[in-house]
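Have a look at the structure below before the remarks.
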Amino acid sequence: MTTGEPLIVLDAVNKWFGPLHVLDDVSLSVGRGEVVVVIGPSGSGKSTLCRAINRLEPISSGTITFDGQPLPAEGKPLAKLRSEVGMVFQSFNLFAHKTILENVTLGPIKVRKEKPAAARERGLALLDRVGIANQADKFPAQLSGGQQQRVAIARALAMQPKAMLFDEPTSALDPEMVGEVLDVMTSLARDGMTMVVVTHEMGFARHAANRVIFMADGQLVEDAPPGEFFANPRSDRAKDFLSKILTH
Amino acid sequence: MHVFADPTNFDAYLSSFFWILKLTGASAVLALVLGVLLAAMRVSPVPVLRGFGAAWVNTFRNTPLTLVIFFCFFGLYSTLGLSLADDLDLNNFWLGVIGLSAYTAAFVCEALRSGVNTVPAGQAEAARAIGLTFAQTLRIVVLPQATRSVVAPLGSILIALCKNATIVGTIGLMESSNVMKDLINSNGDAVIPIFLVFAGTFAAFLIPTGYFFGWLANRLAVKR
């Protein structure tokens, strides 16, 4: 699966929120086409890790490299980097005053300066891919959570990103809508998209991930293929965590 | 109603409200543009711009409008020699517009800034995540939603602006309050009717304006 130099490299990354050490000397590399699932208890720093990769969360020390380049600190270079890294949020964050199709075409038109007609055509194709082409002219509030999240995935894909970050994409969804979002993510993984997924969906971690990262108290505790991690967690923290979530 | 039956008086009455309309229109446009710029400065990450925006708001929001208008006349025009038109009325009109816009922009800025606070942080994050710059995020995602959430307060500001326009009478423009004062001076027997006509004219314009903005606010509200 992995070829050449890794796409995302975190080296000795630290982050403090005041006295709180949310990322504690985290080093991690994600290869091209690799799907890395990050799990761990609440407050373990996994969302912060995910958000640090496109610098929505600046780090206190260490380095993050994307596609061979260190993350730019600000301005146009940072905006350009973000346009190459898709991000899907827990609360969808679709632009509330824009239609579904406008949500998907906004980035290509305003950032990539694509022609509106071309962006529209590609946007509709992406909406079709995630199964909501027939809702293109509606507004986000008119869609269900699962539909909104699939639009959010299409919006990120419209930028033709080199990698996709998912920050607990199914945590805000009603249970019956989780499946439709995971299906889209699984098909993306199968198509070879590089993905970093923060989630509590163990089923997804088992069948779609190349590696599972377990975090606790800001530290990266385990890094193993899913089969190995779920069958034989090495650390006590991971054993404890798995026993709590898998016994129900 | 014999006062308004006199064509001279009636013309003065009409042209006085025409001035109010022009003052309101020109100042509203300028105040809106300036207010948006000031709001953008106040939410920007650049300390100098934030400071400038805050200084503007603190200066004009806390100064009586009469004083601002006086300054435009005695300060900008008489002392500093800023002449905006050869015609005296037109010069006073534009001096008034400057004062009214500078003053009203402070209120527009603060209304918009409170609107920015109603836009969930996730909207700006999502905008940055697809690669929009700070200015694009503000212009395309945040301010449109912020503006739509403060349509009703902006309506109130417009109504206040229209009534505040009467203060330009203090620097000699023959707008409504000035004409009313003259009419009262020369028609001591009809003070109350003259008051009622002028007040009624304002109300006739402004009550529908209020309802219109209420309707517009509902129509433009962003559904979440």
Side-chain angles (χ1 to χ4, degrees), chain A residues 47 50-51 53-57 72 74-99 102-113 138-143 148-149 151-152 154-161 164-167 172, chain B residues 32 36 39-50 111-155 213 215-224:
Chain A
S47 275
C50 184
R51 293 162 55 85
I53 295 172
N54 68 353
R55 216 166 194 283
L56 280 181
E57 211 65 83
E74 56 186 18
K76 288 232 159 63
L78 179 59
K80 183 171 185 310
L81 170 114
R82 284 176 176 151
S83 74
E84 293 173 350
V85 185
M87 176 126 192
V88 176
F89 300 87
Q90 181 175 351
S91 49
F92 330 133
N93 296 349
L94 293 181
F95 305 129
H97 63 310
K98 301 268 184 202
T99 65
E102 286 168 345
N103 263 275
V104 178
T105 56
L106 184 74
I109 293 171
K110 299 291 181 185
V111 177
R112 293 275 151 77
K113 313 292 179 198
K138 291 192 177 168
F139 284 90
Q142 294 170 287
L143 267 57
Q148 289 192 51
Q149 196 60 300
V151 175
R155 174 175 69 179
L157 289 176
M159 300 302 291
Q160 297 168 311
M164 289 277 283
L165 308 173
F166 293 84
D167 185 7
Chain B
L32 192 63
V36 169
M41 287 180 187
R42 289 208 76 175
V43 300
S44 84
V46 185
V48 179
L49 295 181
R50 276 211 308 271
L112 283 176
R113 207 159 64 96
S114 77
V116 167
N117 292 332
T118 69
V119 181
Q123 294 284 311
E125 276 191 350
R128 280 149 63 206
I130 58 169
L132 296 182
T133 61
F134 175 81
Q136 284 179 316
T137 300
L138 205 57
R139 187 165 51 81
I140 301 169
V141 176
V142 177
L143 279 180
Q145 294 188 49
T147 311
R148 289 161 68 148
S149 72
V150 294
V151 168
L154 286 179
F213 272 90
W215 172 82
L216 200 64
N218 272 331
R219 215 187 123 84
L220 293 181
V222 178
K223 309 275 185 301
R224 299 200 189 276

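Order of the sequence lines sets the chain letters (A, B, ...), proteins ahead of strands, with each chain counted from 1.
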Please look at A:V88 and chain B and tell me whether the side chain, the backbone, both or neither of the residue comes under 4.5 angstrom of a heavy atom of that chain.
neither
Present all donor-acceptor pairs from chain B to chain A with distances below 3.5 Å, rounded to 0.1 Å.
unit_1: B:G122; atom_1: O; unit_2: A:N93; atom_2: ND2; d: 3.2
unit_1: B:Q123; atom_1: OE1; unit_2: A:A96; atom_2: N; d: 3.3
unit_1: B:Q123; atom_1: NE2; unit_2: A:L94; atom_2: O; d: 2.7
unit_1: B:E125; atom_1: OE1; unit_2: A:R51; atom_2: NH1; d: 3.0
unit_1: B:E125; atom_1: OE2; unit_2: A:R51; atom_2: NH1; d: 3.3
unit_1: B:E125; atom_1: OE2; unit_2: A:R51; atom_2: NH2; d: 2.5
unit_1: B:Q136; atom_1: NE2; unit_2: A:K110; atom_2: O; d: 3.2
unit_1: B:I140; atom_1: O; unit_2: A:H97; atom_2: NE2; d: 2.9
unit_1: B:Q145; atom_1: NE2; unit_2: A:H97; atom_2: ND1; d: 3.1

Considering only residues two or more places apart or on different chains, which pairs with a residue in residues 40-50 of chain B satisfy salt bridge (charged side-chain N to carboxylate O under 4.0 Å, His left out)?
B:R42-B:E110
Considering residues at least two apart in sequence or located in another chain, which fulfil the side-chain contact (heavy atoms from CB on, under 4.5 Å) criterion with A:A154?
A:V104, A:L126, A:L127, A:V130
Between B:A129 and A:F89, which heavy-atom pair has the shortest distance, and what is it?
CB-CZ, 4.0 Å
What part of B:L220 gets within 4.5 angstrom of chain A, counting heavy atoms only: side chain, backbone, both, or neither?
neither
Heavy-atom distance under 4.5 Å to chain B: side chain of A:L78, backbone, both or neither?
neither
Relative to chain B, which segment of A:A96 carries a heavy atom at a distance below 4.5 Å: side chain, backbone, both, or neither?
both
Under 4.5 Å from a heavy atom of chain A, the part of B:V222 involved
side chain
Okay, B:A121 and chain A: the region with an atom under 4.5 Å from a heavy atom over there is neither
Where B:I130 and A:V111 come nearest, the two heavy atoms and their spacing:
O-CG2, 3.7 Å
With sequence neighbours left out, what residues match B:A40 under side-chain contact (heavy atoms from CB on, under 4.5 Å)?
B:L138
